[in-house]
Amino acid sequence: MRLPILLLSLALPIGATGLDDLRSSLQKLQGAEPVKATLDHSFWRQTMDDKKPVISQGKVTAQLEDGPQGLKVTWGRGTLQQAAKELAAQEREPDRPAPTRTALRNVDPLEVGEALNHAEALLRDLAQAQVQEEKADTWQGKSARLLVLKLTPKIPESQKKYLKELKVEAKVWVGADGLPLAFSSSVSYKGSRMFISFEGGNTQELQFTRIGNRLVAVRTTSEDRNSGFGASSQTKKTTTLTVL
């Protein structure tokens with residue numbers, strides 16, 4: 001789960017049997033066997049200040065391998081050549097967008113590793129959550145058990161003092177096999193610093209599938225919104241993994 005910097009140490013408490021069952025199922029997924037996948041990442045970003053909106057968008061593709069020797073991410077020669085061309089163009093025109101370079105920077109190897117083996121990351125997220133509601137539901141036409149979670153963010157004191165309002169929600173859809181089908185989270189916040197107000201938020205959804213002994217996040221979508229200090233931005237990202 002990827003949240004704004006204010007919530008990097010987010011913990012999600014649980015005390016219900018339904019989530020205990022989910023945690024037990026996740027603990028059985030060790031993710032040791034090798035796996036290969038194709039990664040496709042795209043983004044769309046709009047920024048605004050006292051000028052007209054500036055929109056940028058781009059996409060990249062990579063080949064992934066993960067196993068006992070570690071994680072390998074391979075970028076195509078064409079992608080790297082395009083990134084080099086964008087850098088050369090920016091040296092001539094500093095305001096010129098570089099969508100391929102931005103998309104490459106968006107693909108964090110730590111997040112890629114977690115996406116290929118997400119059980120441990122999800123266990124950390126669910127370690128301290130509290131269930132607000134549990135009910136039968138469906139997800140993309142599949143029968144599921146929906147768990148609505150109460151989240152208690154842990155925020156550094158250096159950042160907490162600027163916050164006036166913070167709301168965090170999450171949901172997990174659990175399939176008949178006891179494993180998660182999807183996880184969604186929503187964060188919104190307001191605050192002020194040096195008498196200047198700011199606000200923002202983040203929504204994210206992860207979709208999972210089991211590959212051997214791995215829980216793979218095959219699709220991740222997110223949207224970030226921020227405004228303050230005379231500027232605003234909105235960023236949408238989508239990452240899909242196609243297991244080979």
Side-chain angles (χ1 to χ4, degrees), residues 1-35 37 39 64-68 70-71 107-137 139-140 142-156 166-187 202-222 237 239-241 243:
M1 174 176 68
R2 187 179 181 186
L3 296 181
I5 190 168
L6 284 170
L7 303 172
L8 286 177
S9 19
L10 179 66
L12 309 168
I14 301 184
T17 301
L19 283 195
D20 288 340
D21 291 343
L22 173 57
R23 290 163 59 190
S24 178
S25 297
L26 290 172
Q27 288 168 353
K28 298 174 183 177
L29 298 180
Q30 300 302 314
E33 70 279 8
V35 65
L39 177 148
L64 311 177
E65 295 184 41
D66 189 29
L71 173 65
V107 181
D108 186 315
L110 295 177
E111 293 176 2
V112 170
E114 286 191 349
L116 287 168
N117 190 12
H118 205 77
E120 183 177 350
L122 190 56
L123 279 168
R124 289 197 306 268
D125 292 339
L126 299 175
Q128 300 177 21
Q130 293 178 349
V131 178
Q132 297 297 289
E133 183 180 7
E134 181 174 350
K135 64 180 181 180
D137 199 6
W139 184 81
Q140 293 191 352
K142 299 178 181 179
S143 298
R145 187 168 75 255
L146 172 61
L147 307 177
V148 181
L149 306 177
K150 177 182 178 181
L151 312 184
T152 306
K154 292 184 178 180
I155 303 171
L166 176 63
K167 184 178 182 181
V168 187
E169 299 175 334
K171 297 178 180 179
V172 184
W173 287 263
V174 182
D177 59 357
L179 295 176
L181 297 169
F183 176 91
S184 71
S185 62
S186 175
V187 179
N202 167 278
T203 57
Q204 185 181 54
E205 180 177 282
L206 293 89
Q207 300 177 16
F208 304 109
T209 192
R210 179 175 182 172
I211 303 296
N213 204 33
R214 293 172 177 262
L215 181 70
V216 179
V218 293
R219 181 178 174 84
T220 302
T221 59
S222 66
K237 300 177 184 178
T239 301
T240 60
L241 298 184
V243 178

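When reading the values below, keep in mind they use all heavy atoms of this one structure, side chains included, and skip hydrogens, waters and symmetry mates.
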Asks: So which atom in Ser143 and which in Leu181 form the shortest heavy-atom distance, rounded to 0.1 Å?
Replies: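 Taking every non-hydrogen atom into account, O-CD1, 4.3 Å.
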Asks: If you look at every heavy atom in Leu241 and Ala115, which pair is closest and at what distance?
Replies: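 Minimum heavy-atom separation between Leu241 and Ala115: CD1-CB, 3.7 Å.
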Asks: Output the distance between atom CG (Leu116) and atom CD (Glu111), rounded to the nearest 0.5 Å.
Replies: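 Leu116 CG to Glu111 CD: 12.5 Å, rounded to 0.5 Å.
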Asks: Out of curiosity, Glu205 CD to Arg219 CZ, how far, rounded to the nearest 0.5 Å?
Replies: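 It comes to 8.5 Å.
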Asks: Distance from Thr221 atom OG1 to Gln204 atom CD, nearest 0.5 Å?
Replies: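 The distance works out to 7.5 Å.
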Asks: Please find the pair of heavy atoms, one from Phe183 and one from Ala170, that lie closest to each other, and give the distance.
Replies: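 Smallest heavy-atom distance, with atoms named: CZ-CB, 3.9 Å.
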Asks: Which heavy atom of Pro180 sits nearest a heavy atom of Leu215, and at what distance?
Replies: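 In terms of heavy atoms, the two residues are closest at CG-CD2, 3.7 Å.
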Asks: Rounded to the nearest 0.5 Å, how far apart are CG of Leu64 and CG of Leu39?
Replies: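 Going from CG on Leu64 over to CG on Leu39, the span is 5.0 Å.
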Asks: Tell me every residue that passes side-chain hydrogen bond (donor to acceptor under 3.5 Å, both in side chains) with Trp173, counting only those two or more places apart in sequence or in another chain.
Replies: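 For Trp173, the residues satisfying side-chain hydrogen bond (donor to acceptor under 3.5 Å, both in side chains) (neighbours in sequence not counted) are Asp137.
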Asks: Using a strict 4.0 Å threshold on nitrogen-to-oxygen distance, state whether Arg214 and Asp66 make a salt bridge.
Replies: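 Salt bridge present between Arg214 and Asp66.
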Asks: Show the nearest heavy-atom pair for residues Val174 and Leu22, with the distance to one decimal.
Replies: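 In this case the closest contact between Val174 and Leu22 is CG2-CD2, 4.1 Å.
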Asks: Supply the atom-to-atom distance His118 NE2 to Leu26 CG, rounded to the nearest 0.5 angstrom.
Replies: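 These two atoms lie 9.5 Å from each other.
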Asks: Does any non-hydrogen side-chain atom of Val243 lie less than 4.5 Å from one of Thr209?
Replies: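 Not in contact.
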Asks: With a 4.5 Å cut-off on side-chain heavy atoms, are Leu206 and Leu122 touching?
Replies: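 Contact flag for Leu122/Leu206 side chains = no.
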Asks: Which pairs, with at least one residue in residues 25-34 and sequence neighbours excluded, count as a side chain to side chain donor-acceptor pair (under 3.5 Å)?
Replies: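 Matches after skipping sequence neighbours: none remain.
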Asks: How long is the gap from CG on Leu147 to NZ on Lys135, to the nearest 0.5 Å?
Replies: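 Those atoms lie 11.5 Å apart.
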Asks: Compare all side-chain heavy atoms of Leu149 with those of Leu19 and state whether any distance is below 4.5 angstrom.
Replies: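 Answer yes - side chains close enough.
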Asks: Can you confirm whether Val148 sits close enough to Val131 that some side-chain heavy atom of one is under 4.5 Å from a side-chain heavy atom of the other?
Replies: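 No. Closest side-chain heavy atoms not under 4.5 Å.
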Asks: Compare every heavy atom of Ser186 with every heavy atom of Thr203, then report the nearest pair and how far apart it is.
Replies: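 That closest heavy-atom pairing would be CG2-OG, 4.0 Å.
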Asks: Can a donor-acceptor pair be found, under 3.5 Å and without considering hydrogens, that links the side chain of Arg210 to the backbone of Gly212?
Replies: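 Checking the backbone N and O of Gly212 against the side chain of Arg210, a donor-acceptor pair under 3.5 Å is found.
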